[in-house]
Amino acid sequence: MFSFSRGKMKLTHEEVKKIARLARLQLTEADLEKYATQLSAVLSYIERLNQLDTANIEPTAHAFLVPTPFREDKVKPYTEQELSLQNAPDREGPFFKVPKVIA
Amino acid sequence: MDLHHQTIHELRNLLDKGEISSEELTQKVLSHIEQTEKQLHAFITITPELALEAAKRFDQSRQAGKKPGALAGIPLGIKDNFLTKGSRTTCGSKILGNYIAPYSGTSTQRLLDAGGVMVGKLNMDEFAMGSSNETSAFGEVHNPWDLELIPGGSSGGSAAAVAAGQCSAATGTDTGGSIRLPAALCNLVGMKPTYGRVSRYGVIAFASSLDQVGPLTKDVTDAALMLQVLAGHDPLDSTSLDVPVPHYAQSLVPDVKGWKIGIPKEYFVAGMDPEVEAAMLQAIKTLEGLGAQCGEVSLPHTDYGVPVYYILATAEASSNLARYDGIRYGYRNKEAKELISLYEKSRTEGFGDEVKRRIMLGTYVLSAGYYDAYYLKAQKARTLIRQDFTQVFKNYDVILTPVSPTAAWKLKEKTGDPLKMYLSDIFTINVNLAGLPGMSLPCGFTQGGLPIGMQLIGDSLQEEKLLRMGYAYEQATEWHKRRPKL
């Protein structure tokens with residue numbers, strides 16, 4: 001159980017860059033090498049799943065299968081707007097303020 | 001014994017008899033926090049004013065003859081991923097470093113309504129991603145049994161604080177073992193209830209198909225008390241189960257004669273610390289001595305748990321953590337001039353190393369072309385892991401396993417090797433994948449004086465069986481009475 005293979009799967013710097021872009025993260029060159037090595041090690045370990053035959057197995061999304069609960073679509077007053085707005089990194093009155101997004 | 005080392009049920013007794021006031025108790029605990037916090041660093045935020053105010057309120061209502069709630073006047077610690085209205089809630093991350101919760105989550109509110117006195121918000125691995133509490137943006141937590149060791153994670157602050165007497169009990173969250181592992185490494189009882197048993201409304205999401213809320217306590221009686229308050233349906237959490245909550249105190253009966261305990265052979269293999277193995281064998285003997293029957297069982301897909309978990313949990317996390325964009329709340333980079341760089345710079349500067357690693361892993365397994373090979377495959381393997389347990393529970397009341405292959409390890413020992421750290425959770429992860437209740441409880445000490453924990457696993461919604469077996473075991477042993485010298 002404690003033995004695991006490493007290094008079979010190897011992500012390239014380009015692949016790590018692409019993942020970071022999708023995840024909205026910026027990486028330095030040093031980060032690229034570090035994450036390429038570490039993520040590759042984890043992905044190599046994960047490869048053991050391929051030994052498992054799952055051809056006729058249904059996927060499990062949630063451990064407890066309960067039907068989607070419905071509730072009445074009722075409007076409730078929200079009185080604590082200020083409490084939510086106080087966490088804004090930048091605001092103007094009751095608005096969240098962001099840098100200009102349309103040129 | 002010092003007040004701060006007593007259990008909830010012992011303290012309730014003293015409070016009810018009027019031998020102590022809740023203000024005295026709170027003062028005592030706050031000064032104990034002050035004395036020990038430099039060494040432990042179990043808290044991210046301490047809330048002495050709020051605590052004393054609440055304590056005084058309970059004293060007054062007691063004097064006025066009002067029936068006290070189940071936790072009236074009891075000092076509690078709340079893990080810092082639970083929203084607490086008006087208090088800072090950081091989730092152990094710089095990205096939420098200044099976040100003030102605009103409301104309290106259901107589970108927290110239930111504890112407060114029952115009279116719990118919140119003394120502070122507890123340190124944790126950033127976004128609950130870690131097994132040692134070393135990924136916290138606010139610094140590591142030290143194990144009160146040996147300050148050079150980790151307390152376990154991700155609810156490491158919760159475990160250290162309760163074990164050291166900085167609060168009488170604490171909340172934790174458990175996605176892959178985050179309640180049970182630190183409880184075991186700090187000599188506590190840690191209960192992860194069935195998925196859906198406790199509401200997660202107002203708890204910051206990590207992996208939504210796995211996260212569950214539960215208590216860390218000094219004994220099984222306290223676990224039953226806390227679970228009673230926490231459990232129950234909540235319309236604000238769509239995964240919350242709408243089923244009756246049993247009277248857990250009724251399970252505190254020291255009788256397990258004829259109960260059948262499954263011992264999975266896959267959990268007893270080479271690699272386990274011999275002292276942990278010896279403690280397990282001793283626990284099995286003790287339970288047999290109480291009239292339980294132990295038999296070897298097989299959970300053949302055990303080995304696939306860690307890979308399945310690190311696909312599903314990271315995929316869900318990458319999606320859940322997409323909300324941290326620096327727009328409406330949380331950290332924002334001030335220099336960014338356009339939208340994409342605002343997102344990227346805020347997230348890059350706000351998230352720590354482990355969180356980024358998991359977001360990227362999750363992003364990768366969900367990216368175009370890989371979904372079937374990773375995510376879908378993992379969901380199918382999850383079915384097989386669940387079926388293993390279902391099979392065993394046809395013939396057994398509970399399953400007994402170790403919580404961790406070793407006792408607490410040294411700070412920094414595993415931080416350089418993420419995979420090694422991930423393997424700390426091999427005995428707890430599958431319980432989350434199957435959605436089952438699991439409870440860790442003290443079952444021995446190493447030669448070096450470090451706590452060892454065992455895990456009881458039950459079928460869905462069978463928390464009562466765990467409590468009853470745990471209680472019976474506790475009545476026959478003394479491990480849970482030991483307190484660290486600090």
Side-chain angles (χ1 to χ4, degrees), chain A residues 1-4 6 11 15-16 18-28 31 34-35 38-39 41-52 54-64 66 68-69 71 80-91 96-101 103, chain B residues 99-100 102-103 194-196 209 235 238-239 241 266 269-271 303-304 306-308 310-311 318 326-332 336-340 342-345 347-348 356-357 359-361 363-364 367 374 376-384 386 418-419 422-423 426 433-435 460:
Chain A
M1 187 184 296
F2 297 95
S3 63
F4 42 85
R6 296 182 186 226
L11 289 178
E15 284 172 306
V16 177
K18 187 185 160 205
I19 300 166
R21 198 159 55 239
L22 289 171
R24 297 285 184 250
L25 294 168
Q26 292 178 350
L27 301 183
T28 63
D31 283 341
K34 179 181 76 179
Y35 286 125
Q38 291 176 339
L39 293 175
V42 177
L43 287 168
S44 300
Y45 180 73
I46 284 173
E47 272 179 11
R48 66 170 53 196
L49 270 186
N50 296 331
Q51 302 159 9
L52 201 58
T54 51
N56 298 309
I57 308 294
E58 285 295 312
T60 295
H62 271 260
F64 237 99
V66 283
T68 306
R71 59 167 172 76
E80 317 230 58
Q81 200 184 21
E82 189 48 40
L83 282 180
S84 295
L85 280 162
Q86 75 181 3
N87 283 306
D90 199 3
R91 64 181 280 196
F96 297 107
K97 206 170 161 184
V98 292
K100 193 172 172 183
V101 284
Chain B
Y99 182 72
I100 307 293
Y103 66 97
T194 306
Y195 182 76
S209 82
S238 67
T239 62
L241 297 171
E266 291 81 4
V269 289
D303 243 3
Y304 299 104
V306 174
V308 169
Y310 279 93
I311 293 171
S318 76
I327 302 292
R328 292 151 301 150
Y329 54 85
Y331 175 82
R332 179 191 292 183
K337 297 272 183 292
E338 47 84 34
L339 197 61
I340 298 293
L342 184 145
Y343 291 156
E344 288 186 348
K345 286 191 162 64
R347 289 165 63 81
T348 299
K356 284 180 200 165
R357 189 154 40 243
I359 289 175
M360 285 197 284
L361 189 58
T363 303
Y364 178 74
S367 61
Y374 290 109
L376 191 63
K377 180 87 184 174
Q379 284 193 320
K380 289 179 175 180
R382 185 177 181 179
T383 304
L384 294 170
R386 219 174 119 218
L419 188 52
Y422 296 172
L423 290 167
I426 44 169
L433 292 171
S460 287

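Quick note: numbers below take in every heavy atom, side chains included, and nothing from hydrogens, waters or symmetry partners. Remember, predicted model here, so these are calculated numbers, not experimental data. Order of the sequence lines sets the chain letters (A, B, ...), proteins ahead of strands, with each chain counted from 1.
Remark: side-chain polar atoms of B:R347 are paired, donor with acceptor, to backbone N or O of A:A23 under 3.5 angstrom. B:T363 places no side-chain N or O within 3.5 Å of a backbone atom of A:I19 that could act as its donor or acceptor partner. In this structure, the side chain of B:T383 engages the main chain of A:T60 through a donor-acceptor pair within 3.5 Å. With hydrogens and angles disregarded, a donor-acceptor distance shorter than 3.5 Å links the side chain of B:T348 to the backbone of A:Q26. Of the possible donor and acceptor atoms, none in the side chain of B:K356 sits under 3.5 Å from a partner among the backbone N and O of A:L27.
Shortest non-hydrogen contact noted between A:P99 and B:A336 is CG-O, 3.9 Å. Counting all heavy atoms, side chain and backbone alike, B:R328 lies closest to A:F96 at O-CE2, 3.3 Å. Nearest heavy-atom pair, B:G330 versus A:P89, reported as atom, atom and distance to 0.1 Å: O-CG, 3.4 Å. Of all heavy-atom pairs between B:K380 and A:T54, the closest is CD-O, 3.6 Å.
A 4.5 Å side-chain heavy-atom check between B:M360 and A:Y35 finds at least one atom pair inside the cut-off. In this structure, the side chains of B:I100 and A:L83 stay at 4.5 Å or more apart for every pair of heavy atoms. B:R332 is listed as a side-chain neighbour of A:V98, based on a closest heavy-atom distance under 4.5 Å.
Under a cut-off of 6.0 angstrom, the local environment of CD in A:Q81 is sparse, with at most 12 non-hydrogen atoms contributed by other residues, nucleotides or ligands. The environment of CD in A:E58 is sparse: at most 12 heavy-atom neighbours from other residues, nucleotides or ligands sit within 6.0 Å.
Contact of B:R357 with chain A is made through backbone and side chain together, with heavy-atom distances under 4.5 Å. At a 4.5 Å heavy-atom cutoff, the contact between B:A434 and chain A is made by backbone atoms alone. Only the backbone of B:L433 comes within less than 4.5 Å of a heavy atom in chain A; its side chain stays farther off.
How far CD1 of A:I46 is from OH of B:Y422: 9.0 Å, rounded to the nearest 0.5 Å. Here CD1 of B:I340 is found 11.0 Å from CZ of A:R21. Values are rounded to the nearest 0.5 Å. Note that CD1 of B:I359 and CG of A:L25 are 5.5 Å apart. Values are rounded to the nearest 0.5 Å. Note: A:I57 CD1 to B:L376 CG = 12.0 Å, rounded to the nearest 0.5 Å. Distance check: B:L419 CG to A:L39 CG gives 11.5 Å after rounding to the nearest 0.5 Å. Taking CG of B:D303 as the start and CZ of A:R48 as the end, the distance is 5.0 Å to the nearest 0.5 Å.
Chosen from B:Y329, B:Y304, B:Y331, B:Y343, the residue pairing most often with chain A at heavy-atom distances under 4.5 Å is B:Y304. Between chain B and the residues A:R71, A:K97, A:K18, the most heavy-atom pairs under 4.5 angstrom are made by A:K97. Among the candidates B:S318, B:A378, B:G435, B:P418, the residue making the largest number of heavy-atom pairs closer than 4.5 Å to chain A is B:P418. Between chain A and the options B:T239, B:L241, B:L342, the largest number of non-hydrogen pairs under 4.5 Å is found for B:L241.
With sequence neighbours left out, the salt bridge (Lys or Arg N to Asp or Glu O under 4.0 Å) criterion links A:E15 to no other residue. Not counting sequence neighbours, the partners of B:Y374 by the ring-ring contact (aromatic ring centres under 6.0 Å, His included) test are B:Y364.
Looking at A:L49, A:V42, A:L43, A:L52 one by one, the single match for side-chain contact (heavy atoms from CB on, under 4.5 Å) with B:P307 turns out to be A:L49.
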